[in-house]
Every structure is written in C-alpha cells, then in structure tokens.
Amino acid sequence: MRLSKQPDEVSAAAILRAFSDENRRTMLELVATKEMSAGEIAGHFTVTRQAVSQHLRVLKEAGLVEERRDGRSRLYRTRADGIAILHQYFNDLWSNSLALAKEIAEAAEVDTHSDNDRGAEGESANHEQGMPG
C-alpha cells in the first residue's frame, strides 16, 4: 500500500513506524477531532516543544498529519488518506488472522473427528473380540 504525497510517496511501513510511538499516537488522537497549533499540542505533553516538533515532523512525513500555516502558527490535523492506509493495514491484518484462526480450528476439528473415529473403531473391534472397550 502506498500513499501519494507531495512530492514523495509514503509506505505503510513508514506509517506504522510513525504510529509505533505512544506520544505520536496521542498527538494523532488530539488532532483527529480538531486542528491544533504545535503549542496547543505541546501543552498536553511533558516533553520539550522541540521533541513535540520532531514527533509532528515524523507524523507529517508519514502522511498521517498535514500542516498549514496561519500567520506565525503551524496548525496540524490528521490526513484522511494516511489514516485510511493505517486502517486498511490493520483491517487486512485482522482479516488474515481470522482466516488463519479458522483454518487452525477446522484442522483441529478434523483431527478430533479422526481421533474419535479411530477410538470408535478400536472399541468396536474390541467388542467384537469380546474384549473390554
């Protein structure tokens, strides 16, 4: 999966790397509902403003947030395209995991029936020979 971004392209791997940090995930949550300035975002963290700026740059480069200037302020909000790639990645992962779980469960069910069939055959053979089952 790739997201076109001016002018670079961002991969799902880059998005996941950006998303892997707890502070960046919190920043995404903050700007998911409203546009916020870097200063407003920084007010929610105990890290330095420089660290917040670095986190925001990583999110921006990954295509998860967009920045716009309003005078001297930089305002941030989530980018729907970047979030969509993240959503699709986890949706695919979940679907693949469910499919694998289903295969494992079905294989276990077949094995259980095979074991039960063998057990029933053994009991039947023992019964026919007058042996206790």
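Here the structure is a predicted model, which is why all the values come from computation and not from measurement. Heads up: numbering here begins at 1 and tracks the sequence.
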With side-chain contact (heavy atoms from CB on, under 4.5 Å) as the criterion, how do Leu59 and Thr78 come out once you've worked through the C-alpha distance, each side chain's angles and the decisive distance to 0.1 Å? CA-CA 9 Å; Leu59 290 169; Thr78 56; over 6 Å; no
Distance col, row Arg25:CZ vs Leu30:CG, nearest 0.5 angstrom, shows 13.0 Å
Under the criterion side-chain contact (heavy atoms from CB on, under 4.5 Å), I'd like the reasoning laid out for Arg79 against Leu64: C-alpha separation, chi angles, the key distance, then a yes or no. CA-CA 5 Å; Arg79 270 190 92 226; Leu64 290 170; 6.0 Å; no
Measuring only between side-chain heavy atoms, which start at C-beta, is Leu28 closer than 4.5 Å to Ile83? yes
Identify whether Val58 and Leu75 are in the same connected component of the hydrophobic contact network (ILVMFWY, side-chain heavy atoms under 4.5 Å). no
Under 4.0 Å between a side-chain nitrogen and a carboxylate oxygen: does that hold for Lys60 and Glu66? no
Do Ile15 and Tyr89 have side chains that approach each other closer than 4.5 Å (heavy atoms only, starting at C-beta)? no
To the nearest 0.5 Å, tell me how far Ile104 CD1 sits from Glu106 CD. 11.0 Å
In the single-linkage hydrophobic clustering (I, L, V, M, F, W, Y; side-chain heavy atoms under 4.5 Å), do Val31 and Phe19 co-cluster? yes
Arg77 and Val65: CA distance, side-chain angles, deciding distance, side-chain contact (heavy atoms from CB on, under 4.5 Å) verdict: CA-CA 5 Å; Arg77 64 179 174 203; Val65 299; over 6 Å; no
Non-hydrogen atoms of Ala62 and Ala14 that approach each other most closely: CB-O, 3.8 Å
Is it the case that over 12 heavy atoms from other parts of the model lie below 6.0 angstrom from the NE2 atom of His44? yes
Within-4.5 Å side-chain heavy-atom neighbours: Phe45 and Met27: yes
With Arg74 via salt bridge (charged side-chain N to carboxylate O under 4.0 Å, His left out) - residues at least two apart: Glu67
Tell me whether Ile85 is reachable from Leu93 by hopping between hydrophobic residues (I, L, V, M, F, W, Y) whose side-chain heavy atoms are closer than 4.5 Å. yes
Ser37 backbone acceptor or donor facing Glu40 side chain under 3.5 Å: yes
Scanning both residues in full, the closest heavy-atom pair of Leu56 with Ala38 reads CD1-CB, 4.1 Å
Just verifying a value: how many Å separate Asp21 CG and Gln54 CD, rounded to the nearest 0.5 Å? 11.0 Å
Is a side-chain donor or acceptor of Ser95 paired with a backbone partner of Asp92 at a separation under 3.5 angstrom? no
